[in-house]
Amino acid sequence: MTAPEPLERAALIRRLQEPREWDLAIIGGGATGLGVALDAAARGFSVVLVESEDFAKGTSSRATKLVHGGVRYLAQGDVSLVHEALRERGNLLANAPHVAQRLPFVMPSYRWWETAFYGVGLKAYDALAGARGLGATEFLSTTRTRELLPGVNPRGLSGGVKYWDGQFDDARLAVLLARTAAARGALLLNHCAAVALHREAGKVRGVVVEDRETGSRTSLRAHCVVNATGVWVDAVRDMDREEGSPQRPPMVAPSQGVHLIVDRRFLPGNHALLVPKTADGRVLFAVPWLGKTVLGTTDTPRGDLAREPAPFAEEVEFILREAGHVLGAAPTRADVRSIWVGLRPLVKPLSDDGENTKALSREHTVIVGRSGLVTVTGGKWTTYRAMAEDVLDRAMSAGLLASRPGGVTERLPLLGSAPGRPLSEPPGEHLYGSEVAALRALPGADHWLWRDGSGGLSEAMVRFAARHEMARQVEDVLARRSRLLFLDAAEAGRQADAVAAILAEELGRAVDTQPFKALAAQYTQLP
Ligand SMILES: Cc1cc2nc3c(=O)[nH]c(=O)nc-3n(C[C@H](O)[C@H](O)[C@H](O)COP(=O)(O)OP(=O)(O)OC[C@H]3O[C@@H](n4cnc5c(N)ncnc54)[C@H](O)[C@@H]3O)c2cc1C
C-alpha cells in the first residue's frame, strides 16, 4: 500500500505564490475543470486549478448519480451523443470501480404497448454499447417486474423492461479526480477564486486569484487559461472584456433540477426504477443510492445563478405525484430526508430567450475566444473525460499548448481504484477502495459519529478528509467527502459540532459550525 499524499494547504499556497509560468490555469473545480486538470497533468503539462468554493460544490455534487448513455437522448435520435456517453460510461466504471458501478434499472409498464415500445429502444441502446454493454435488456412479465421491484405499484402493472446503466458518488469522484491530478503534479486549490484575468495586448496571459480564507491575492501567469465554471462561465467571460466594450450575450441558460431523498423502504431491492414518460413528457428516476432512494428530477428554467438554488413548490409536488403513481407506498412531504437542487449549464443559441430549456443543447461546447480564453460548458458528468480531451485538442490547435497525444486518461485508474460493495448500500469504508488501510490507520477508525448498517461516518473519515482530501469546512466534510447532507440533512446538522471539533484539531484552528447548520436546515425545508 502506498500512503496517500498529505495535501497541506499552507504548502499548496506557497506553491501558488512561486513566480513561474504555468502551461495551463483552470478556473472551476467541478467535473469539467477537474477532468481537464487530470488529462493535462497526465500528458505532462504543468497545471494549476482554482475553485472558489469546494470541489464539486456547484452542479457536480447534485447529479441524479447516473453514469449513463442517456436513453432519452436516443429517443430524440441523438445517436452520437449516446455513443460517446456509453464509451465514457465504460471508461469511468473501469477506472473508479469503488465510486462508479453498473446498476440494473427496471421500467415498469402500465399501458399494454409500453414494454414492446421501450424494450425495442433499449435493445438499440444495448446494440450501441456493443462490447461495452453492461448486461442485456430483458422483457419482464408482471410477476418478474414485481420480484425485481418489490416497491412497485402493482395496480394496472402489465410487465416491464430491465436494462443496465451505471451509478456513482459524484462528489467523491470529483475529489478523486483532484487528488489523482495532484498526484501527477498538478496544483489544485479549493476556496480560491479567480477574481480577474490578466491580459496583455488583448490576450489572456493569466489569472488573479483570491484565497478565500485569507483574502490574499496572487497573480498567476499561464499560456492557456480555461474557464470551466459551469453555469457561471458568463461571469468569467465578462472578466475577458476589453474596457468599455459591451457585455456579450450569455452562453448559458440555467435550468434547475430538484432531487428528493426518501428511505429505502419506498424502493427496496437493488434495482433502480425509470418512469419513461411523466405528465410533462420527461423521465423520472427512483435510484437506490448509499442506503437511501433518490427521486428526481425536474427541468425548470430560472434566471438567477444562486449557489444554493431553492426548489419550487410545483417541483416537489411533481416529483411526489409521479413517484406516487409508480411506487406502492407513495412518499409524502413528511418522508423527505433531504432536498437538493442543481443547475444545468445548458448552452443556448445566442438568439434564444432561455425559455424552452428542454430544446437547448445537452452536449458540451468549447469556445476559444479572440483573447485565447478557452471556455467549456454543458455536457454531463458521464462524459467529463471526453470533454477534457476536446478542451485540450482545441487549446493545442489554437497554439495555446504544445501538441501532445491524447487518450492517456482512458485507462488511468483513479486513486484507490478497486472493486467495491454496491453503491446502493449505506456509505462506509468500501468507498475508499484500496486506500481503506490508510483510512483505518488514522485515529478514530472505530469511533462512529453516525452509523448506518455496517457503515456511516467515522472520526477517521473526518481526519482523512482534512489530511488527504483538502476538506476545510464542516460543509466540505458533511456534504461532499461524506454525503450525509444529501442523504439525511437533519442528521447532518446534528453531526456538525462533532465534525467541527475533529476538523479543528486537524487544521489547528477554530471551525465555525453556524453556516453548515443553516444549510442543513435549508436542505430539510420543503417549499
Ligand atoms: C439536476 C441535475 C442532474 C444531473 N444528473 C446527471 C447524471 O445523473 N449523470 C450525468 O452524467 N450528469 C448529470 N448532470 C450533469 C452534470 O452534473 C453536469 O454536467 C456537471 O456536473 C457540470 O460540471 P461543471 O464542472 O461544468 O460545473 P460545476 O460542477 O458547476 O463546476 C463549476 C465550478 O466552478 C466554480 N467557480 C465558479 N466561478 C468561479 C471562479 N470565479 N473562480 C473559481 N471557481 C469558480 C464553482 O464553484 C463550481 O464548483 C446533472 C445535472 C443536473 C443539474
Side-chain angles (χ1 to χ4, degrees), residues 24-33 36 49-53 57-60 192-210 212 215 217-257 299-310 341-379 387 390-391 394-395 398 400:
L24 204 68
I26 302 162
I27 308 172
T32 308
V36 176
L49 178 149
V50 289
E51 160 56 51
S52 56
E53 314 267 326
K57 159 78 181 180
T59 306
S60 296
C192 229
V195 290
L197 295 177
H198 187 65
R199 287 168 60 104
E200 275 170 22
K203 297 284 172 201
V204 171
R205 295 278 179 237
V207 189
V208 180
V209 305
E210 183 178 284
R212 285 273 162 93
R217 290 191 171 193
T218 308
S219 192
L220 303 176
R221 296 185 64 78
H223 293 292
C224 174
V225 176
V226 176
N227 170 13
T229 52
V231 287
W232 296 279
V233 281
D234 289 313
V236 175
R237 286 175 74 228
D238 212 40
M239 295 176 192
D240 187 28
R241 208 154 36 105
E242 296 277 357
E243 222 166 287
S245 65
Q247 212 164 350
R248 295 192 190 94
M251 256 179 97
V252 164
S255 150
Q256 82 174 19
D299 198 351
T300 314
R302 64 179 301 154
D304 61 336
L305 291 168
R307 285 290 179 169
E308 286 292 347
V341 185
L343 295 178
R344 281 181 199 83
L346 300 181
V347 180
K348 61 178 184 176
L350 292 181
S351 59
D352 197 287
D353 61 6
E355 279 305 305
N356 184 5
T357 54
K358 271 171 276 172
L360 301 184
S361 174
R362 286 171 196 261
E363 282 179 90
H364 63 270
T365 298
V366 184
I367 294 177
V368 182
R370 257 184 242 120
S371 66
L373 176 70
V374 181
T375 296
V376 52
T377 193
M387 289 168 69
D390 279 0
V391 168
R394 292 294 302 276
L400 298 164

Atom of Ala228, atom of Thr32 and distance for their closest heavy-atom approach: CB-CG2, 4.2 Å
Quick check: closest heavy atoms across Val208 and Ser219, and the distance to 0.1 Å? CG2-OG, 4.1 Å
Would you please test Glu363 and Met387 for side chain to side chain contact (heavy atoms under 4.5 Å, CB included) and show each step? CA-CA 9 Å; Glu363 282 179 90; Met387 289 168 69; over 6 Å; no
Which pair of heavy atoms, one from Ala194 and one from Val50, lies closest together, and at what distance? N-CG2, 4.3 Å
What are the two closest heavy atoms between Gly28 and Glu51, and how far apart are they? C-OE1, 3.8 Å
With sequence neighbours excluded, tell me which residues meet side chain to side chain donor-acceptor pair (under 3.5 Å) with Arg394. none
When you measure from the side chain of Gln247 to the backbone N and O of Arg241, does any donor-acceptor pair fall under 3.5 Å? no
For Gly230 against Thr377, the heavy-atom pair lying closest together: O-OG1, 3.1 Å
Closest non-hydrogen atoms of Leu343 and Ala306, given as atom of the first, atom of the second and distance, are CD1-O, 3.7 Å
The single option from Pro309, Pro250, Pro345 passing side chain to side chain contact (heavy atoms under 4.5 Å, CB included) against Val231: Pro345
For Val376, which of Val366, Thr229, Ile367 qualifies under side chain to side chain contact (heavy atoms under 4.5 Å, CB included)? Val366
Under the side chain to side chain contact (heavy atoms under 4.5 Å, CB included) rule, what do Ile27 and Leu197 come out as? Steps first, then yes or no, please. CA-CA 10 Å; Ile27 308 172; Leu197 295 177; 4.0 Å; yes
Checking Arg221 now: which residues fulfil side chain to side chain donor-acceptor pair (under 3.5 Å) with it, not counting sequence neighbours? His198, Glu200
Any residue meeting salt bridge (charged side-chain N to carboxylate O under 4.0 Å, His left out) with Arg370, in chain and number order, not counting sequence neighbours: none
Answer yes or no: is there an ion pair linking Arg237 with Asp240, defined by an N-O contact shorter than 4.0 Å? no
Do the side chains of Leu24 and Val226 get nearer than 4.5 Å, heavy atoms only? yes
